[in-house]
2 protein chains.
Amino acid sequence: MVIFLKQKKRRITLQDVAKHAGVSTSTASLVIRNHPRISDATKQKVLNSIEELGYVYDRVAAKLRSQSSKIIGVIVTDISNKFISEFLIGVQQTLEKMDYTVLLGTTFDSVSKQERLISTMVEHRVDGLIINAASKTNKSTISQLNHLELPVVLANREVEHVNCDYVGIDYIKGTYLAVSHLLKKGHTRIAFLGGIKMSSTWKDRMKGFQKAHDNAGVAVDKSLIIDGLPTSEGGVQTVLEVLKNPNPPTAIFCFSDLVAFGVLQGLGMQGIIPGQDIDIVGFDNIPEAEIYHPPLTTVSSFPRTIGIKAATILYNKLEQDDSIQQRIILNPELVIRETST
Amino acid sequence: MVIFLKQKKRRITLQDVAKHAGVSTSTASLVIRNHPRISDATKQKVLNSIEELGYVYDRVAAKLRSQSSKIIGVIVTDISNKFISEFLIGVQQTLEKMDYTVLLGTTFDSVSKQERLISTMVEHRVDGLIINAASKTNKSTISQLNHLELPVVLANREVEHVNCDYVGIDYIKGTYLAVSHLLKKGHTRIAFLGGIKMSSTWKDRMKGFQKAHDNAGVAVDKSLIIDGLPTSEGGVQTVLEVLKNPNPPTAIFCFSDLVAFGVLQGLGMQGIIPGQDIDIVGFDNIPEAEIYHPPLTTVSSFPRTIGIKAATILYNKLEQDDSIQQRIILNPELVIRETST
DNA sequence: CTGAAAGCGCTTACAG
DNA sequence: CTGAAAGCGCTTACAG
């Protein structure tokens with residue numbers, strides 16, 4: 001009697017399949033990977049055996065041998081932020097088509113968490129990384145990856161003085177568009193609320209803010225610039241603070257739509273009506289901006305497209321040895337709605 | 001002269017570390033995994049060598065040998081949905097603490113995409129799966145995983161007639177609370193808008209909807225029940241349709257907050273003022289519900305807690321062989337705001 | 001507490 | 001177009 005009881009099920013391997021189909025293991029391996037060199041008859045035999053034995057391909061063994069994991073690490077600051085989740089959808093949809101899977105990490109803007117996530121992902125032998133870097137990311141974090149010769153694409157936030165592909169939008173231009181729109185409407189006291197001063201995304205917006213003012217011959221009042229969390233809480237806090245100014249602003253440029261929602265809430269608490277008493281512009285054009293009441297004037301930043309581009313660049317680096325470094329900067333668009341008509 | 005040029009860098013292995021430290025490979029392996037059996041002196045020697053050689057642990061090799069990947073597959077319907085992204089944060093934070101990493105897949109509610117994602121994840125030898133199943137998920141999808149003896153936890157949506165751990169909230173009770181609140185206010189014509197009829201989440205809400213009516217002795221008018229996409233677009237569509245009813249509703253229960261935002265938008269288009277002309281209740285209590293204008297009455301569904309619980313159950317199944325099947329149903333809470341005061 | 005050896009399940013040259 | 005054999009870098013019994 002053969003003893004089956006309690007015997008741990010042995011995994012069906014490619015060898016079993018090959019034996020069952022009456023071919024060599026290497027042939028079976030080629031069939032699995034759809035190699036053109038195999039005759040249709042052989043292919044069919046192997047596929048039948050796979051079906052019959054219930055064989056499950058083992059990518060772990062494959063990646064140990066072939067040194068390619070078909071996994072891409074994606075590190076973001078916060079998935080509950082709509083801009084980021086839209087970006088992630090773009091990344092995922094693109095990679096999926098190319099048979100890559102996403103290993104996800106969230107840093108909540110913590111540099112130490114980011115370091116830990118990156119090393120875990122390297123240990124898992126990801127084929128490449130797409131990083132939406134934390135605000136205070138050190139350039140050494142990225143240069144270490146370059147040293148390991150691991151392809152990396154930065155997205156949304158640039159890390160200064162670093163040698164790396166990058167996809168993002170032109171925050172300077174976007175802010176310039178938004179602030180110029182307010183200046184054209186006759187505003188001369190425009191606040192800039194929310195966002196973290198250390199981040200490249202804040203600095204870029206500041207440049208656009210300044211440039212629009214310079215162009216219009218209007219001086220920037222530094223007391224109207226208050227940084228804070230890039231969330232709706234940050235919006236509430238900063239707007240309440242700026243309203244205490246003896247000479248308060250007549251318009252507000254917000255770091256993001258999320259911040260703008262907080263700003264609108266803060267204004268509501270003070271009985272100030274946006275679009276009437278004060279003009280508000282956001283940044284990102286997340287779907288909620290349109291259905292918010294009142295609908296928010298904002299700058300479109302196409303996060304999904306950024307995700308698609310980032311994934312495509314990485315893919316080209318992996319499969320086509322496309323080593324030319326790229327910097328793709330998408331053009332933003334101003335969308336005028338009721339908060340600043 | 002030694003030829004270094006163009007020579008592909010050989011990977012530093014644990015053997016190199018062991019040789020460098022003057023110990024055996026097995027000892028080095030134990031040091032890496034923090035085995036208590038190793039003396040402090042030996043440990044220090046090995047750690048120094050790791051540092052010096054710049055050794056990177058290879059989890060791929062480790063998992064081929066040890067049959068444990070330290071990767072959990074997480075499959076969700078849509079990360080850009082706030083409920084889902086909050087859920088994911090809960091899952092991620094919990095797993096990360098336990099040294100597991102998340103392989104992410106998004107189905108967009110497509111069953112075939114879900115099937116493909118699951119098999120890719122199985123090929124990557126995930127240690128377990130957390131699945132926020134697509135609406136029309138077939139029970140065979142889950143039973144196949146049970147057959148592979150892969151631990152699975154379902155979250156948010158139950159798959160009928162299936163043998164599996166589950167974490168979700170009590171949608172029946174949540175809807176009962178919301179609809180009873182409207183009935184107590186004297187409404188007798190309450191619409192139920194949005195959500196897909198096939199899904200367990202819709203069916204449960206329907207049960208709660210019916211039960212609240214039965215309790216109040218009010219008949220349900222089927223012409224006020226219109227299903228649709230669980231998005232704000234779905235909300236706009238279904239509210240415009242229900243308003244065409246010769247005898248329109250005086251209150252609306254929405255499948256989710258997202259649907260409610262669409263409903264509010266649709267009402268705005270018709271000049272109907274929520275909280276005044278008509279009462280609205282949502283479901284989920286996403287952060288935007290509070291800062292929306294007007295703030296939305298809704299049911300709190302604690303997605304982050306669901307994520308934490310799901311990850312914890314899975315962890316216990318993996319590490320403690322905790323094979324008792326669990327069904328955790330969280331209690332929802334009604335949050336009354338301006339759309340129904 | 002440590003060492004020598006086998007093996008996880010593939011892919012990859014190489015030879016035919 | 002196919003086969004036999006080595007090897008990816010770990011962990012795991014087993015022996016000491």
Side-chain angles (χ1 to χ4, degrees), chain A residues 8-47 49-50 53-71 99 120 122-127 148, chain B residues 8-47 49-50 53-71 99 120 122-127 148:
Chain A
K8 209 173 164 187
K9 250 185 277 177
R10 201 177 60 78
R11 193 182 174 102
I12 307 288
T13 73
L14 201 50
Q15 277 200 43
D16 301 328
V17 171
K19 197 176 289 171
H20 186 271
V23 300
S24 75
T25 326
S26 18
T27 305
S29 173
L30 292 171
V31 169
I32 270 187
R33 285 172 293 145
N34 238 320
H35 199 282
R37 191 168 86 184
I38 302 293
S39 71
D40 278 357
T42 314
K43 196 165 161 178
Q44 208 40 254
K45 266 197 300 185
V46 174
L47 290 178
S49 300
I50 285 175
L53 299 177
Y55 169 72
V56 176
Y57 181 50
D58 189 336
R59 290 188 192 245
V60 173
K63 65 189 161 194
L64 174 58
R65 178 61 231 243
S66 69
Q67 310 291 51
S68 151
S69 67
K70 290 284 177 186
I71 292 183
D99 196 30
T120 305
V122 170
E123 291 178 4
H124 279 298
R125 280 211 195 175
V126 294
D127 285 341
L148 287 170
Chain B
K8 209 171 163 189
K9 249 185 279 176
R10 200 177 62 77
R11 193 182 174 101
I12 308 287
T13 72
L14 201 50
Q15 278 200 44
D16 301 327
V17 171
K19 197 176 288 171
H20 186 271
V23 300
S24 75
T25 326
S26 19
T27 305
S29 174
L30 292 171
V31 168
I32 270 186
R33 286 171 294 145
N34 239 321
H35 199 282
R37 191 168 87 187
I38 304 291
S39 72
D40 278 357
T42 313
K43 196 165 162 179
Q44 208 40 252
K45 266 197 301 186
V46 174
L47 291 177
S49 299
I50 285 174
L53 299 177
Y55 168 72
V56 175
Y57 181 50
D58 189 334
R59 291 188 192 244
V60 173
K63 65 188 158 193
L64 175 58
R65 178 62 229 240
S66 69
Q67 310 290 51
S68 150
S69 67
K70 289 283 175 189
I71 291 183
D99 196 29
T120 306
V122 171
E123 290 178 4
H124 278 298
R125 279 209 196 177
V126 294
D127 286 341
L148 287 170

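On a predicted model such as this, the values are computed, not experimentally measured, just so you know.
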Next on the checklist: Is a donor from one side chain sitting under 3.5 angstrom from an acceptor on the other, for A:S29 and A:S26?
Outcome noted: no
Checklist entry - Is the closest basic N to carboxylate O distance between B:R11 and B:D58 below 4.0 Å? => result yes
Checklist entry - Applying the side-chain contact (heavy atoms from CB on, under 4.5 Å) test to A:Q15, which of A:V17, A:I12, A:T13 qualifies? => result A:T13
Checklist entry - Taking A:S69 as the fixed residue, which of A:K63, A:R59, A:H124 is the one that meets the side-chain contact (heavy atoms from CB on, under 4.5 Å) rule? => result A:K63
Item to check | A:T42 side chain near D:dC1 phosphate (N/O to OP1/OP2, under 4.0 Å) | outcome: no
Checklist outcome for this item: Given protein heavy atoms under 4.0 Å, the one-letter contact record of nucleotides 6-16 of chain D, with B base, S sugar-phosphate only and - none, is simply BBBBBBB----
Next on the checklist: Do the side chains of A:D127 and A:K70 get close enough for a salt bridge, i.e. N-O under 4.0 angstrom?
Outcome noted: no
Item to check | Base-pairing mate for D:dC1 - Watson-Crick or G-U, with both contacts under 3.5 Å | outcome: C:dG16
